[in-house]
Amino acid sequence: MRSARLLLLLGLSWVGCGPGAPKPTLWFEARPVGEGDFQNISGTGQKDYVSDSFGAGVALRDFDGDGNLDLFAVGGGNAAGEARADALFLGDGRGGFRRASADSSLAATPGGRAYGVNACDFDGDGDVDLYITRAGPNRLLLNRGDGTFEDRTESSGLGDESWSTGAAWLDFNRDGILDLFVVNHIDFDQAAIKERGKSLYLGQHVYYGPTGLPAQMDHLYLGREDGSFELVQPGEELGRDPNYGFGVVVFDEDGDGDLDLYVANDTTPNQLWRNEDGQALVDHAGRLGCALSMEGGPQAGMGIALGDADGDLQPELFITNFSNDYFTFYRRGKDGFWRDRTTRTRLHAPTWNSLGWACGFADLDSDGDQDLWAFNGHVYPQMDAVPGGPSYAQPAQIFENDGQGHFSEPKEQGGPGFRVPRSGRGGAVGDLDHDGDLDLVMGVLDGAPVVLENLGRGGNSLLVELVGQGGNREAIGAIVEGLLGEQIQKRWVGSQTGFLSSSDNRLHFGLGEAQQLDGLRIVWPDGSRLEVGALSAGRTYRIDQASGEVQSGAWGQ
């Protein structure tokens, strides 16, 4: 998959990284966004409660319609449980951001702190809206078309008052209107938790939970034609055994034409919810082999990502977990069963000491195969007092794909952006500076968001934006295959990323030294198909389902 020349360049690129020396293929440098002007805050510095240990969701989308990616970051809340204002930063197309002027819809609202965000054009009007998950009630913000927002929570019926974490848009019942699946966590009662006292972990007194606290069930909301939503319970199984939910991805797992969901749960088994013809959700994770670790026990699932690293056109799942455990890599076989391939993909040892959150598949060196990234950070500040123990702030990790679906950390760990320890939580990916490679943004707990700018020496690439029909304008549920010689790169279109975050919805295809993608095969959400001819490198493409029209422009157009 990777040309001989690129392999040679990779081998030579480690010879010095000083001034004037060529950068390695995977090389990221970091800079904060809004430092001094905005910081996410999550409870106390000592993390007295489980509610203080995560959050910091981010979203990378073009909110004001100028062609540049913007950044939305949730503000969190202070030790008294009071919410902080969220923030929107407008991108300049060169990788820089400035904070948008005051927007009352982003101000702090009473009733809970914000944890995550899902950015999606849920109403199909051509601009990107926001759904903010909180320790109740959640908020739906409708984009006015210029990057300012109007609060539609009350009229929509989406003010879920649970402690919500992940969320994903999908057309569950295939009526052409987007629905919303909301992942919930703990029935949090601060007074009751305080009475329980502290837990003991590695000799340190730390906050109590989540184990021993009541979990909350996840919720499915069906969209109506008037823009409102109805909370439904599709079958008994969804509400039978609540779990400590975190991440969620949406895709047609069983190939029957409707959208299924996979949910990563903290300390309880993960769930694979198969959609039964828009009528019910049934968990098949235990039966199909993707609920537990290879030792047969539940893990502490945080972030979750969907991709195809080995090019066999079968989906794979990458799930971040707690420290002293591994990040799980499940691979689906053609027989329909999922298998834990963490050891075989060489991810077991390098992830064991990390505590991971946001993660993703992305071709970060544009060589034609998908790499992996993960943002890390422990939940207990008290770990810094444990000799030889895991640190509280931790470096992010990048895992380079060898072209066959095996991974290794690059020399220099991907550059200074990945080496600095931080309290990473949320994360999103997109081309911030219109140079054709993918950059990353990290949501930092008790800090400002951080841009990880991709300055490596990668291959050629292009971007594809799908425009769906009706209410599903973002074509959520579409499957795209990019043809590059004998190689096929497969992508699944969704609205959620990694952990409590959303990325640019355009699909990135790395080409290595090739000058074009030989073609695209698209399966739209309604099952219709479209084949597109050769697409040149260095351009962005916009493909409209209704007309079949393909528009193209240079980077940034």
Side-chain angles (χ1 to χ4, degrees), residues 42-55 76-77 79-81 112-113 115-116 133-136 160-166 182-219 237-248 263-271 283 285-286 291-293 295-304 319-328 354-357 377-383 385-386 389-390 392 423 425 445 499-500:
S42 187
T44 69
Q46 289 301 302
K47 306 305 171 197
D48 295 321
Y49 299 97
V50 63
S51 56
D52 299 344
S53 63
F54 64 91
R113 74 175 67 157
Y115 286 90
T133 58
R134 310 183 342 138
D160 196 316
E161 297 194 1
S162 304
W163 178 3
S164 301
T165 51
V182 178
V183 179
N184 292 317
H185 197 57
I186 294 171
D187 187 359
F188 186 75
D189 184 336
Q190 182 169 306
I193 294 173
K194 190 172 183 179
E195 289 182 4
R196 293 175 181 259
K198 296 286 186 177
S199 296
L200 194 65
Y201 182 78
L202 297 183
Q204 302 295 312
H205 292 282
V206 299
Y207 66 71
Y208 185 90
T211 303
L213 299 176
Q216 289 186 319
M217 70 174 65
D218 301 335
H219 289 155
E237 192 166 354
L238 182 63
R240 185 180 299 159
D241 296 308
N243 291 276
Y244 309 120
F246 269 138
V248 56
V263 178
N265 292 313
D266 185 7
T267 74
T268 52
N270 297 331
Q271 295 159 309
D283 181 17
L292 306 170
S293 72
E295 289 83 16
Q299 296 178 280
M302 312 289 190
I304 180 172
I319 304 158
T320 54
N321 293 303
F322 209 80
S323 58
N324 295 317
D325 197 357
Y326 61 89
F327 296 175
T328 311
S354 301
L355 198 161
W357 301 91
H378 212 283
V379 296
Y380 304 136
Q382 295 80 6
M383 291 302 95
V386 179
Y392 178 59
S423 292
R425 293 298 189 269
L445 201 70
F499 181 75
L500 312 188

Side-chain touch [X]/[Y], heavy atoms, less than 4.5 angstrom:
X: Pro242; Y: Gln216; answer: no
X: His219; Y: Asn184; answer: yes
X: Ile319; Y: Phe246; answer: no

Scan the side chains in residues 197-215 for donor-acceptor partners under 3.5 Å anywhere in the protein, sequence neighbours excluded, and list what turns up.
unit_1 : atom_1 : unit_2 : atom_2 : d
Lys198 : NZ     : Asp48  : O      : 3.4
Tyr207 : OH     : Ser53  : OG     : 3.1
Tyr208 : OH     : Arg196 : NH1    : 3.0

| In chain order, what residues pass the ring-ring contact (aromatic ring centres under 6.0 Å, His included) check against Phe188, with sequence neighbours excluded? | Trp163
| request: Taking ring-ring contact (aromatic ring centres under 6.0 Å, His included) as the test, write out the residues that go with His378, two or more places apart. | output: Phe322, Tyr380
| field | Test item: Thr133 side-chain N/O and Gly166 main-chain N/O as donor-acceptor pair under 3.5 Å | value | no
| query | Does Asn243 reach the main-chain N or O of Gly245 with its side chain, forming a donor-acceptor pair under 3.5 Å? | reply | no
Identify the heavy atoms of [X] and [Y] that sit nearest to each other, and give their distance.
X: Pro269; Y: Pro298; result: N-CB, 3.8 Å
X: Asn270; Y: Asn265; result: OD1-N, 2.8 Å
X: Lys47; Y: Asp52; result: CD-O, 3.2 Å
X: Gly55; Y: Phe499; result: O-CE2, 4.1 Å
X: Arg113; Y: Ser42; result: NH1-OG, 3.6 Å
X: Phe54; Y: Arg425; result: CA-NE, 3.8 Å

Interatomic distance, [X] atom [atom1] to [Y] atom [atom2] [nearest 0.5 angstrom]:
X: Thr165; Y: Met302; atom1: OG1; atom2: CE; answer: 11.5 Å
X: Asp266; Y: Ile186; atom1: CG; atom2: CD1; answer: 7.5 Å
X: Gln190; Y: Tyr49; atom1: CD; atom2: OH; answer: 4.0 Å
X: Tyr392; Y: Ser423; atom1: OH; atom2: OG; answer: 4.0 Å
X: Ser51; Y: Ile193; atom1: OG; atom2: CD1; answer: 7.0 Å
X: Thr320; Y: Phe327; atom1: OG1; atom2: CZ; answer: 5.5 Å

| Is the closest side-chain donor-acceptor distance between Ser293 and Asp325 under 3.5 Å? | no
